[in-house]
Amino acid sequence: MKQYGGVIKPKTKRAKRFLDNRAPKLTENVKNAMIMKGGNTSMTVTQALKDIYALKKPSAVLYKKKNIARPFEDSTSLEFFSKKTDSSLFLFGSHNKKRPNNLIFGRLFDFHVLDMIELGIEKYNSLSDIKSSKCPEGTKPMLVFAGDAFDHENEHKRLKSLLTDFFRGPVVPSVRLAGLEHVLHFTALEGKIYMRSYRSLLKKSGCRTPRIELEEIGPSFDFILRRTHLASDDLYKTAHKQPKALKPKKKKNISHDTFGTKFGRLHMQKQDLAKLQTRKMKGLRKRRGPAAAAVVAGETSLKTTEVE
Amino acid sequence: MAACSIEDLLAKAEQDEAEKLKSITVQKELDLEFDIGNLVAYDKNRIDIRQFREQKKEDFLRSLARDNTQLLVNEIWKHPTERVEEVIVVKLPEPTTPLPREKPPPKPRPPTKWEEFAKLKGIQKKKKTNLVWDDVAKNELHRLRNIARAQKIKVPGVGLTPTAQQSKTDLARAVNVAKSSTASAGKFQDRLPKEKAPRNTGKKRKFQPVIGNFSNEKQRQLDLLKVLDSKKPRLDVNKAVNKQMREDDREESAAKFKKGGKKGRKGGNFSGKGKGGGGKGKGKGRAGGKGQGPPSGKKGAGKPGKR
C-alpha cells in the first residue's frame, strides 16, 4: 500500500481515489479558491466576496464565518485551511479604519504562501446592481489586461499572473465557439486597476469572424494597489518547475528547412555495392573474360530523402 | 483600356474586402500579445489619460474592452475548428504563460517489495492480452472428435476438455455440466455455502407468435396436411441407406484395426479399455469385456431415421 505521508492510510478504494486526487500529479487539477472574511467586514466587502465567489464557482469555497487572522503577519491559519480544502488560491476580505474595504488575493505553493497582493476597493458595483442577463456559471472567461503598467512594473506583473491564475478556470483542449461569452477586462491606469466584467455578443459581420458587442454584467471594481508580499525569486522558480515528463517529446531524424519542407533521415546498414540489386540490363551483365565495368548508382550509407 | 479596367476591378475588389472586414478590424499602435490556451490577451498600448478623463469613465473602458475583445476573438477564430456532436469547437493550443504549479511535481514512488524482488531476479512484466482466439481448444475439440469417431463413442461437451488456459466462464460451465450429469440431472446436488444457482439452464422452447404472419401460418398448416395425406414415408430412403452403410464401414474398419493392433495383448486390457471407453462420455453401450458384442440387429429401410 502506498504511504500517504504516514498520516492517513486509506482503507477503501474510494478513500484511496480521494487521496490520489489531492496528491501531487503531473497535470494538476483546477486550482480551488477559498474566499473568507476577516475579523471585521463591511457590506461592500461581503458583497464583493459573494460576487467573486459567483464568478469562480464551482471551484471555490466561500466561508461564512469570520476568521480573526492577518494574512500579512501570520499565514498559518490560511495554510491550515488550504490543506483542509485542497485550495491553492485564496481571497481574504476585511475592513478597518486604516485599510477600508480590503481584499487580499493570494496563492499558495505546496500549502505555503507564495504571493499575496492587497487591493483596496474604491468603487464597487455588485452583480445585483447591474440589471442584465448574466452568463451561466462555469463559463471559461476571456481575460484582457490593458495598460503598460502591467508590462513595466514588477508588482503589476505579479498581479497579472495572479489574476490570470485566479480567474482562468480549467485548462481545456477545445472551447465551444458560441460559448465564448464572458470577458473580464483589467485596466491599469494611474496607479489604479479597473476591473470590468462583460458579456460578449457575437454579431454577424461580413465574414466568418463575428463582430463583438459588449454588455456589462458582472461586478465592476475600482481597485487601488496596497501592500504586496511577493515570493522570493528562487521560490518562484521552484514553483514553476515542470516535471520532465510533460515536456513535448522531440522527434528525432526530422528537420525542416527554410522553405518549410520536411526532411527525414534514414540510416542504412553498410551495403556491398557490388552485390546491389538494380535493374537487370543484359548488356551490363558480368562477362567471363574482359569484364565490363558495372555501372551502379552510388548510394552512400546515409541517405537524405525528401519527405512530403 | 483593358489595363485600366483591370486596375479598377482590383481596386474595387480591395475596397469590398475592406468593407467586409471593417466591422472587425481594430486599429492599434502596438499589436496585442495573446495566450490563446488561456484565452488571455495583453494590451501594452499606452492609455491616453486625457481621453480617459474627458469621456465618461465607463464608456471609455467599455470601448477599450470592446476593441481588445474583438482582437482576441479575431485571433481565436484563426485557429482550427472541428465539429463535435453538432457543435462547432475551436481547438486551443497549449497555454503559453508560465503559471506556478499548485504542488511540487510528484516524486517517483519507492519500489514495492515485489518490484524489488522482480528486479533482483530479473523477472519481466508479461503483458496478458485481453481476448485471444483460443485455437488450442478448437484443436483439442476436433482431435477428441476424431478419436471418438474412430472409437465410436460420443465426444464430451464443452468445458470438459482440458485446455491450456481455462477462463472463469469455462470452469463455471464445466462445473455446471459436471453437477447436472448425475442420475437425477443435478436436482439433488448440494451447493457450496455461497454458491448461486445457475440461471441460464433449462430447456429453451421457441414458439411462433400467436398473431403473426398469416400467410406463413396458412402455408405451414397446408404443408402439414400435405404430409399427413401423402402415403409416402417421411424418410429419405437414399439418405438413410447411405448413412447405414457408412456406419457399417466404420465398424468394420475399427474392428480390423483392433484385431491387428492387439495381437500380443492380454485379455484383461480389453475390459479396462471398455470401461474407460464407457466412462468417457455417454457410452454407446459397448458390450464391455472380452470379445465383441453381437452385432446389433440392423436391418435396412424400415427403421425410422436415426439421429
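Letters A, B, ... mirror the listed sequences (proteins, then strands); counts begin at 1.
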Between B:Phe52 and A:Tyr194 (judged by ring centroids, cut-off 6.0 Å), do the two rings come close enough to count as a pair? yes
Quick one: list whatever passes salt bridge (charged side-chain N to carboxylate O under 4.0 Å, His left out) with A:Glu155, sequence neighbours left out. none
Partner residues of B:Arg205 under the salt bridge (charged side-chain N to carboxylate O under 4.0 Å, His left out) criterion, sequence neighbours left out: none
Pairwise side-chain contact, [X] with [Y], heavy-atom cut-off 4.5 Å (strictly under):
X: B:Leu99; Y: A:Ser161; answer: yes
X: B:Val73; Y: A:Pro210; answer: yes
X: B:Glu102; Y: A:Leu108; answer: no
X: A:Gln242; Y: B:Arg101; answer: yes
X: A:Tyr198; Y: B:Thr69; answer: no
X: A:Phe186; Y: B:Asp43; answer: no
X: A:Val171; Y: B:Glu94; answer: no
X: B:Leu61; Y: A:Thr187; answer: yes

Look up atom [atom1] in [X] and atom [atom2] in [Y], then write down how far apart they are to the nearest 0.5 Å.
X: B:Lys103; Y: A:Lys25; atom1: NZ; atom2: NZ; value: 7.5 Å
X: A:Leu143; Y: B:Tyr42; atom1: CG; atom2: OH; value: 8.0 Å
X: B:Arg46; Y: A:Asp151; atom1: CZ; atom2: CG; value: 13.5 Å

Tested for side-chain contact (heavy atoms from CB on, under 4.5 Å) against A:Met142, the lone hit among B:Asn68, B:Val40, B:Leu39 is B:Leu39
Between B:Pro105, B:Ala41, B:Pro95, which has the largest tally of heavy atom pairs under 4.5 Å with chain A? B:Ala41
Tell me whether B:Gln70 contacts the main-chain N or O of A:Ile212 through its side chain, where contact means a donor paired with an acceptor under 3.5 Å. yes
Using atom types as modelled and distance alone, determine if a side-chain donor or acceptor of A:Arg176 lies under 3.5 Å from a backbone N or O of B:Ile88. no
Working note: A:Ser174 + B:Val90, criterion side chain to side chain contact (heavy atoms under 4.5 Å, CB included); need CA distance, chi angles, decisive distance, verdict. CA-CA 5 Å; A:Ser174 51; B:Val90 59; over 6 Å; no
Is any NZ, NE, NH1 or NH2 atom of the basic residue among B:Glu58 and A:Arg196 found under 4.0 Å from an Asp or Glu carboxylate oxygen of the other?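 Result for this pair is yes, salt bridge flagged.
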Taking A:Glu190 first and then B:Arg53, would you say they form a salt bridge - that is, a charged N and a carboxylate O separated by under 4.0 Å? yes
Pairs flagged by side-chain hydrogen bond (donor to acceptor under 3.5 Å, both in side chains) wherever residues 201-211 of chain A is involved - sequence neighbours left out: A:Arg211-A:Glu213
For atom NZ of A:Lys237, is the number of surrounding heavy atoms from other residues, nucleotides or ligands below 6.0 Å larger than 12?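 Counting neighbours around NZ of A:Lys237, 12 or fewer heavy atoms of other residues, nucleotides or ligands fall under 6.0 Å, so no.
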Establish, yes or no, whether the cationic atom of B:Lys44 lies under 6.0 Å from the six-membered ring centre of A:Phe150 and within 45° of the ring axis.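 No, B:Lys44 does not sit over the ring of A:Phe150.
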With a 4.5 Å heavy-atom cut-off (strictly below), which parts of residues 216-225 of chain A touch chain B? List them by number.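 The residues closer than 4.5 Å to chain B, in numerical order, are A:Glu216, A:Asp222.
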